[in-house]
Amino acid sequence: MPDTETNQFTDDPATTGRCTATLITGAGGEIGHGLIEALSDAGRTDLVALDLRELDAGLCRRCCASHVVDVRDEAGVEPIFERYEVTEIYHLAALLSTTAEKDPELAHAVNVGGTMNILTLAARYGLQHNRRIRVLFPSTIAVYGLPDVETRDRAGAIREDQYAEPATMYGCNKRYCEDVGRYYSEHYRRLSSARGDLGPIDFRALRYPGIISAHTTPSGGTSDYFPEMLHAAARGEPYASFVAEDVRIPFMTMPDAVAAMLGLAAADEARLTRRVYNVTSFNPTAGEYAGRIRDAFPGADLTFAPDAARASIIDTWPADIDDLSARRDWGWAPQHDLDAAFDDYLIPAIRARAGA
Ligand code: AKB
């Protein structure tokens with residue numbers, strides 16, 4: 001896969017020595033948009049973006065370079081590590097749960113093969129340059145596999161060590177990547193006489209719930225019903241939800257999802273009691289979302305036409321997750337509860353965009 005680089009800076013790293021870089025894979029995706037905006041607004045000038053497609057111009061201007069590269073192609077990704085002194089990686093490239101169920105083998109190649117390439121290169125170049133690269137990884141509530149709806153509804157808020165038996169390819173992919181990330185951080189090459197107390201990378205992961213953005217709509221996820229419903233109503237279009245009114249899973253806003261990843265990245269490793277953390281904020285039913293959306297957009301044509309197959313995915317996910325470990329270890333706390341999500345973020349941002 002050709003690597004077409006768009007370098008915003010004249011001081012080409014190849015001639016002036018290796019610039020440090022914060023690598024963001026899947027940069028053009030939903031979380032990538034929010035993360036690049038937050039990092040560049042915070043003054044970071046070392047953002048190197050990777051995606052399968054060119055970044056939009058606004059995002060590209062916030063990065064010092066952007067590369068069109070397939071994370072499945074190790075030979076295509078490796079030049080990035082040769083060209084830049086990579087210090088931190090946000091590895092966001094992935095196929096989500098519904099897409100993954102349509103092509104499990106492709107999902108494995110992208111979600112696991114792509115992650116293995118990133119971990120392998122981070123370890124190799126980190127060891128070469130005596131730098132332990134920090135890798136931030138978005139895992140998911142899809143790593144949980146509740147055996148049936150009765151167990152799910154009885155279980156309450158799930159801790160990280162409960163029911164982690166995924167029932168989807170996406171969940172299996174993410175669960176494995178969590179484990180191999182921990183291996184690279186704590187157990188790498190156990191038989192090597194040269195191994196130290198810590199592995200060559202500092203891997204940290206968040207088990208994200210559904211994420212709602214005021215600005216973008218995801219694709220290929222099974223939690224997409226809430227963003228699809230909201231943005232259809234904002235456009236004045238009818239929407240039939242593919243999940244039933246009583247479906248309840250944990251959610252958070254995109255600003256909170258980005259803040260959680262930056263908070264975990266900034267945490268003192270010595271304070272972390274685990275490498276994989278739950279984070280969440282609110283968990284109303286799909287019907288409660290519809291009610292709030294109708295309040296904001298009177299007359300919105302929102303109905304429910306459950307897709308049994310997609311609903312069978314979401315029935316294995318928890319209705320709520322326990323994020324006490326994140327709150328205790330590195331001070332996680334969401335900015336938006338349900339009321340603030342609608343009143344302070346979603347509706348004002350959508351109205352402002354409509355006005356513009
Ligand atoms: C999906 O729906 O697949 C994702 C997720 C919950 O991880 N948004």
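We count ligands from 1, going down the list as the structure has it; atoms in each ligand are counted the same way. Quick note: numbers below take in every heavy atom, side chains included, and nothing from hydrogens, waters or symmetry partners. By convention here, the first residue in the shown sequence is residue 1.
- A salt bridge links Arg292 to Asp339: one of the charged nitrogens lies within less than 4.0 Å of a carboxylate oxygen.
- Checked against a 3.5 angstrom limit, the closest N/O atoms of Trp317 and ligand 1 fall outside it.
- Of the protein's non-hydrogen atoms, Thr140 OG1, 2.7 Å is the one closest to atom 7 (O) of ligand 1.
- Geometric assessment of Arg152 against the ring of Tyr144 yields a negative cation-pi assignment under the 6.0 Å and 45° thresholds.
- Between Tyr170 and ligand 1, an N or O atom pair is found at a separation short of 3.5 Å.
- No chain of hydrophobic side-chain contacts below 4.5 Å, direct or via other Ile, Leu, Val, Met, Phe, Trp or Tyr residues, connects Tyr170 to Val112.
- By the salt bridge (Lys or Arg N to Asp or Glu O under 4.0 Å) test, Asp343 is found to be paired with no residue, residues two or more places apart in sequence or in another chain being considered.
- When only non-hydrogen protein atoms are considered, atom 8 (N) of ligand 1 lies nearest to Ser223 OG, 2.9 Å.
- Backbone and side-chain nitrogen or oxygen atoms of Asp224 are examined, and none is located within less than 3.5 angstrom of a nitrogen or oxygen of ligand 1.
- Cluster annotation: Leu230 is connected to Tyr345 through the hydrophobic network of ILVMFWY side chains, with a link wherever side-chain heavy atoms come within less than 4.5 Å.
- In terms of polar-atom proximity, defined here as any N/O pair under 3.5 Å, Thr98 makes no such contact with ligand 1.
- Within 6.0 Å of the CZ atom in Arg310, the count of heavy atoms belonging to other residues, nucleotides or ligands exceeds 12.
- Of the protein's non-hydrogen atoms, Ser97 OG, 2.5 Å is the one closest to atom 3 (O) of ligand 1.
- Near Thr222, with a cut-off below 4.0 Å to any heavy atom, the atoms of ligand 1 are 1 (C), 2 (O), 3 (O).
- Less than 4.0 angstrom separates some heavy atom of Gly221 from each of these atoms of ligand 1: 1 (C), 2 (O), 3 (O).
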